[in-house]
K.L.:
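First the structure, which I've put down as structure tokens, then a few questions once you've had a look.
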Amino acid sequence: MKRISDLVLKNASEREIQKVFKEDLSLIGSTCAPKVISDEYIAFSEFPIGRGKADFVVFTDRSRMYVFLVEIKGANFSFVNNNRRIANEISAAAQQIRDRISQIQKSYETYRREFHAIRRSVEEGNTLYNSFLGPNGYLNVDPEKDIKVRGLVIGGRTRNDHEESNLRNQLEEDSLKINFESWDSWLRKVTPVPQLS
């Protein structure tokens, strides 16, 4: 996680940060998995959904599989801009995830079956969409149960944590299935790092 933290401190671009995640998909996989089973996940990059691709996708959890669609933006802008609005980059990423979730919901059963087929194939040793299988080697999920699809947008830097937190909460309430993090807030959640400035 230090490589990501160092890039954030340098206000790195989206491309620079995504490159590190693509080199080590465990960085995104282990942080999307529930803490009690942080070794049970499959992480992918450039995962196709409909006519587009999600930056990263993570399959995880037990019994009922969760599918996280993750959009990564750079650390070279503020999460909240000068007029107290969410940055355009964050809004655009949220719309990409909304579009992909909508696509999945329109053909839910097809996607549910496809996601489980992809999971089984990776568990059998195949590599699909640059997949990385977590240390457990399989997911303890039931292919007959419903799946839960969630989104995660990470990007920008925090200038005022209290103000930003309130805006993120409102954004999450409006977006229902998507969580939002600046790089500062995400790093605080996943590792005990010193305050970034």
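What's counted below: heavy atoms across the whole structure, side chains too, no hydrogens, waters or symmetry copies. It should be emphasised that the depicted structure is a prediction, and the values quoted were computed from it without experimental measurement.
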K.L.:
Check for me, please, whether Tyr138 and Val122 land in the same ILVMFWY cluster - side-chain distances under 4.5 Å, paths through other members count.
P.N.:
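Tyr138 does not cluster with Val122.
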K.L.:
Compare every heavy atom of Ser182 with every heavy atom of Ile154, then report the nearest pair and how far apart it is.
P.N.:
CG2-O, 4.2 Å
K.L.:
What's the separation between atom OH in Tyr129 and atom OG1 in Thr127, rounded to the nearest 0.5 Å?
P.N.:
12.5 Å
K.L.:
Working to the nearest 0.5 angstrom, can you tell me the gap between Arg150 CZ and Asn179 CG?
P.N.:
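Reported to 0.5 Å precision, the distance equals 8.5 Å.
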K.L.:
For a quick test of reading the model, state the closest non-hydrogen atom pair linking Val67 to Val57 and the distance between them.
P.N.:
CG1-CG1, 3.9 Å
K.L.:
Under the salt bridge (Lys or Arg N to Asp or Glu O under 4.0 Å) rule, what pairs show up with a residue in residues 57-75, not counting sequence neighbours?
P.N.:
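Output for this query lists Glu14-Lys73, Glu40-Arg62.
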K.L.:
Got a salt bridge between Lys10 and Asp6, using NZ or NE/NH1/NH2 to carboxylate O under 4.0 Å?
P.N.:
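Looking at Asp6 together with Lys10, the answer is no, because their closest N to O distance does not fall below 4.0 Å.
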K.L.:
Contact between Pro135 and Tyr41 at the side-chain level, heavy atoms closer than 4.5 Å - yes or no?
P.N.:
yes
K.L.:
For a 4.5 angstrom cut-off between non-hydrogen side-chain atoms, does Val190 reach Ile4?
P.N.:
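No, side chains not in contact.
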K.L.:
Establish, from distance only, whether the side-chain atoms of Gln95 and Arg98 form a donor-acceptor pair under 3.5 Å.
P.N.:
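Arg98 and Gln95 do have a side-chain donor-acceptor pair below 3.5 Å.
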K.L.:
Would you give the length of the straight line joining atom CZ of Phe79 to atom CD of Glu89, rounded to the nearest 0.5 angstrom?
P.N.:
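That separation rounds to 11.0 Å.
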K.L.:
Check whether any side-chain heavy atom of Trp183 lies under 4.5 Å from a side-chain heavy atom of Ile72, and answer yes or no.
P.N.:
yes
K.L.:
Check the surroundings of atom NZ in Lys22: do more than 12 heavy atoms from other residues, nucleotides or ligands lie under 6.0 Å from it?
P.N.:
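Counting other residues, nucleotides and ligands, NZ of Lys22 exceeds 12 neighbours.
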K.L.:
Could you work out, with ring-ring contact (aromatic ring centres under 6.0 Å, His included) as the rule, every residue matching Phe115, not counting sequence neighbours?
P.N.:
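Checked Phe115 against ring-ring contact (aromatic ring centres under 6.0 Å, His included); matches are Phe47, Phe59, Tyr111.
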K.L.:
Quick one: ring pair (Phe, Tyr, Trp, His ring centres under 6.0 Å) pairs with a partner in residues 80-104, sequence neighbours left out?
P.N.:
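Of all non-adjacent pairs touching residues 80-104, none passes ring pair (Phe, Tyr, Trp, His ring centres under 6.0 Å).
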K.L.:
Where do Ile28 and Val70 come nearest, in terms of heavy atoms and distance?
P.N.:
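Shortest heavy-atom separation between Ile28 and Val70 comes out as CD1-CG1, 4.0 Å.
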K.L.:
Ignoring hydrogens and geometry, is there a side-chain-to-backbone donor-acceptor pair from Arg157 to Val8 under 3.5 Å?
P.N.:
yes
K.L.:
For residues Phe132 and Ser26, report the shortest heavy-atom separation together with the two atoms involved.
P.N.:
CE2-CB, 3.7 Å
K.L.:
Quick one: CD1 on Ile49 to CZ on Arg100, what's the gap to the nearest 0.5 Å?
P.N.:
6.5 Å
K.L.:
Testing the basics here: between Met65 and Leu139, what is the closest heavy-atom pair and its distance to 0.1 Å?
P.N.:
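Residues Met65 and Leu139, closest heavy atoms: SD-CD1, 4.1 Å.
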K.L.:
In this structure, are over 12 heavy atoms from other groups packed under 6.0 Å from Arg85 atom CZ?
P.N.:
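Atom CZ in Arg85 is not packed in, count stays at 12 or less.
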K.L.:
Would you call Glu109 and Arg113 a salt bridge, using N to O less than 4.0 angstrom?
P.N.:
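Here Glu109 pairs with Arg113 in a salt bridge, since their nearest N and O are under 4.0 Å apart.
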K.L.:
To check you understand the geometry: which heavy-atom pair defines the closest contact between Thr60 and Val141, and what is its length?
P.N.:
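Heavy-atom minimum between the residues: O-CG1, 4.4 Å.
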K.L.:
Regarding Glu23 and Arg3, does a basic nitrogen lie under 4.0 Å from an acidic carboxylate oxygen?
P.N.:
yes
K.L.:
Rounded to the nearest 0.5 Å, how far does CG of Asp161 lie from CG of Asp184?
P.N.:
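These two atoms lie 8.5 Å from each other.
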K.L.:
If you define the side chain from C-beta out and look only at heavy atoms, does anything of Pro143 sit under 4.5 Å from Arg119?
P.N.:
yes
K.L.:
State, yes or no, whether a side-chain contact exists between Phe44 and Leu25 at a heavy-atom distance under 4.5 Å.
P.N.:
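SC-SC contact between Phe44 and Leu25 ruled out.
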K.L.:
Once rounded to the nearest 0.5 Å, what's the spacing between atom CZ of Arg112 and atom OG1 of Thr110?
P.N.:
10.0 Å
K.L.:
Where the side chain of Tyr108 meets the backbone of Ile147, is there a donor-acceptor pair that is under 3.5 Å apart?
P.N.:
yes
